[in-house]
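Read the structure below first, then the notes.
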2 protein chains.
Amino acid sequence: MTTVSTSEANAKPPSAREKLIGAAVKVVREKGFNATSVDELCREAGVTKGAFFHHFPSKTDLGVAAAEAWKLHANDLFGHAPYMACEDPLDRFLGYLEFRRNMLDGPVPEFTCLAGTMVQESYETLPTLREACQDSIWGHALTLVPDIEAARDKHGVDGDWTSESLALHTQAVLQGAFILAKATNGAAAARDSADHLIRYVRMLFRLPATRP
Amino acid sequence: MTTVSTSEANAKPPSAREKLIGAAVKVVREKGFNATSVDELCREAGVTKGAFFHHFPSKTDLGVAAAEAWKLHANDLFGHAPYMACEDPLDRFLGYLEFRRNMLDGPVPEFTCLAGTMVQESYETLPTLREACQDSIWGHALTLVPDIEAARDKHGVDGDWTSESLALHTQAVLQGAFILAKATNGAAAARDSADHLIRYVRMLFRLPATRP
DNA sequence: ATAAACATACCGACCAGTTGGTATGTGTCA
DNA sequence: TGACACATACCAACTGGTCGGTATGTTTAT
């Protein structure tokens, strides 16, 4: 769960670059981007400061690389999750939502979103990082669109909303749930919010409010 | 809009303490808590560093005071908004949601939430600030509970959810919408997400999906 | 007179980033 | 095959500047 590697069982030992990205994903989710120093990232990665600036022109550039790695990690994780075997696109979408809801457990830094955390600290001050975070969030959200679209076709659901906006809304609810979790240092309120999201989607697709 | 004073037209000139809190609300929403230096807060407030540490033992304590002021500001603003004149509690709740949706406009730092921003940077490192942010968010969310509860009674709506969880869910959606806005440097995705929230609440209370 | 409300000057710690290197390849041409 | 040219990966020490916070004033209201 803590690793970010996209391919399973990469034989080669991790390079300094990969170790630094892994350290950034871990530490930045705990303390935020600005509060994490380059020295701390090097310590966590077991790498020297010289190696850091050999691979990344600046601390911001490591943030950008970490956001990119985070997107690949997410799309790999959710793209291969069990519910992806469902035939009905609506089952896949609901499976995704249930899966994410059930991930809201354990220590808060282990289920929160790197890109959502970083963008709050960078959106006005570090344009390249803001853009990388947008790409990370959107690049994951948009993977849901084809299933939502197919589910609407199959179940004859229309309405005054786009499939893309619903995909982004799911990310908004999750990002907001992470904030509630951080505020309470626990996941209970976040789970309740995810339950409301699932209830909403089920109502949109005219399913009974709760699972059988 | 940028002022945080709770009472309208306070005659007295603002003290250094009030000016520092106002500066914190403004600058921290733009740059985040960690990226905002004490010197910058003093410059923004037009106050010296000696005055800062006369009123606040530490930078964190200013954050705590700002979170408290933010809660009072929000409850004053929304407690006196036009929709509060509605007789039906459901109209008040929906009025609140529409009001918040329509606030998602203009520059991003002007509609985002101070407490949501600060808690992301402090939840693991500054416990007192985390707690103040929780109090700020919860202290506002819970003002919605009586209307939601009364609306459920009046319209005979039950279901597998509590009024408190729905009040918190509205805050989660808004907080998540703020993150989408920050990621895009614009409010469009945030408004779409707020629209989904309004649609959800209308469905919960068996209203037509869109306003007449 | 006295105490609170400020202001100025300063401190040690820490920060991101630079410097000037070494060790280990890797391609290439005699 | 071997030796030279060059590139990549990494390292330890250092720098200029900024950080949160302090020490010691001065002003102002009562």
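Letters go in sequence order (proteins before strands), and every chain restarts at 1.
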Rounded interatomic separation in angstrom, taking [atom1] from [X] and [atom2] from [N]:
| X | N | atom1 | atom2 | answer |
| --- | --- | --- | --- | --- |
| H55(B) | dG21(D) | NE2 | P | 17 Å |
| L41(A) | dC10(D) | CG | C1' | 17 Å |
| K59(A) | dT18(D) | NZ | P | 16 Å |
| D39(A) | dA12(D) | CG | C1' | 12 Å |
| F56(B) | dG21(D) | CZ | P | 13 Å |
| L20(A) | dC11(D) | CG | P | 10 Å |

- Mind checking T36(B) for me? I need base, sugar-phosphate or nothing, with any heavy atom below 4.0 Å counting as a touch. sugar-phosphate
- Is it the case that K59(B) places NZ or CZ above or below the six-membered ring of F52(B), under 6.0 angstrom from the centre and within 45 degrees of the axis? no
- Over its full length, what angle do the end axes of the helix from dA1(C)-dT30(D) to dA30(C)-dT1(D) make, each axis taken from five pairs and the result rounded to 10 degrees? 10°
- Task: Would you indicate, yes or no, if dA12(D) has its OP1 or OP2 atom less than 4.0 angstrom from a side-chain nitrogen or oxygen of T48(A)?
- Result: no
- Between dC10(D) and H54(A), is there an OP1 or OP2 to side-chain N/O distance shorter than 4.0 Å? no
Please tabulate, for side-chain N and O atoms in residues 140-148 of chain B, each donor-acceptor pair with protein atoms closer than 3.5 Å (sequence neighbours left out).
| unit_1 | atom_1 | unit_2 | atom_2 | d |
| --- | --- | --- | --- | --- |
| H140(B) | ND1 | N75(B) | OD1 | 2.8 |
| H140(B) | NE2 | Y96(B) | OH | 2.8 |
| T143(B) | OG1 | H140(B) | O | 2.5 |
| D147(B) | OD1 | R92(B) | NE | 3.2 |
| D147(B) | OD1 | R92(B) | NH2 | 2.7 |
| D147(B) | OD2 | R92(B) | NE | 3.0 |

- Message: I'd like to know if R43(B) pairs up with E40(B) as an ion pair, taking the criterion as any Lys NZ or Arg NE/NH1/NH2 lying under 4.0 Å from an Asp or Glu carboxylate oxygen.
- Response: no
- Please find the earliest and latest nucleotides of DNA chain C, in the 5' to 3' direction, that have an atom within less than 4.0 Å of any heavy atom of chain A. dC15(C) to dT18(C)
- Using a 4.5 Å cut-off on heavy atoms from C-beta on, say whether the side chain of D160(A) contacts that of R199(B). yes
- Task: Look up atom CD in E131(B) and atom OG in S122(B), then write down how far apart they are to the nearest 0.5 Å.
- Result: 11.0 Å
- Item | Quiz item: K49(B) side-chain donor-acceptor pair to dG20(D) base, under 3.5 Å | yes
- Query: With under 30° as parallel and over 60° as perpendicular, where do the rings of H196(B) and H169(A) fit, or are they tilted in between?
  - Reply: parallel
- Message: Parallel, tilted or perpendicular: which one describes the rings of F111(A) and F178(A), with boundaries at 30° and 60°?
- Response: tilted
- Check against salt bridge (charged side-chain N to carboxylate O under 4.0 Å, His left out), E68(A) and K71(A): CA-CA 5 Å; E68(A) 168 76 7; K71(A) 180 182 71 176; 3.7 Å; yes
- Item | Verdict with reasoning, L204(B) to Y200(A), per side chain to side chain contact (heavy atoms under 4.5 Å, CB included) | CA-CA 8 Å; L204(B) 279 179; Y200(A) 173 52; over 6 Å; no
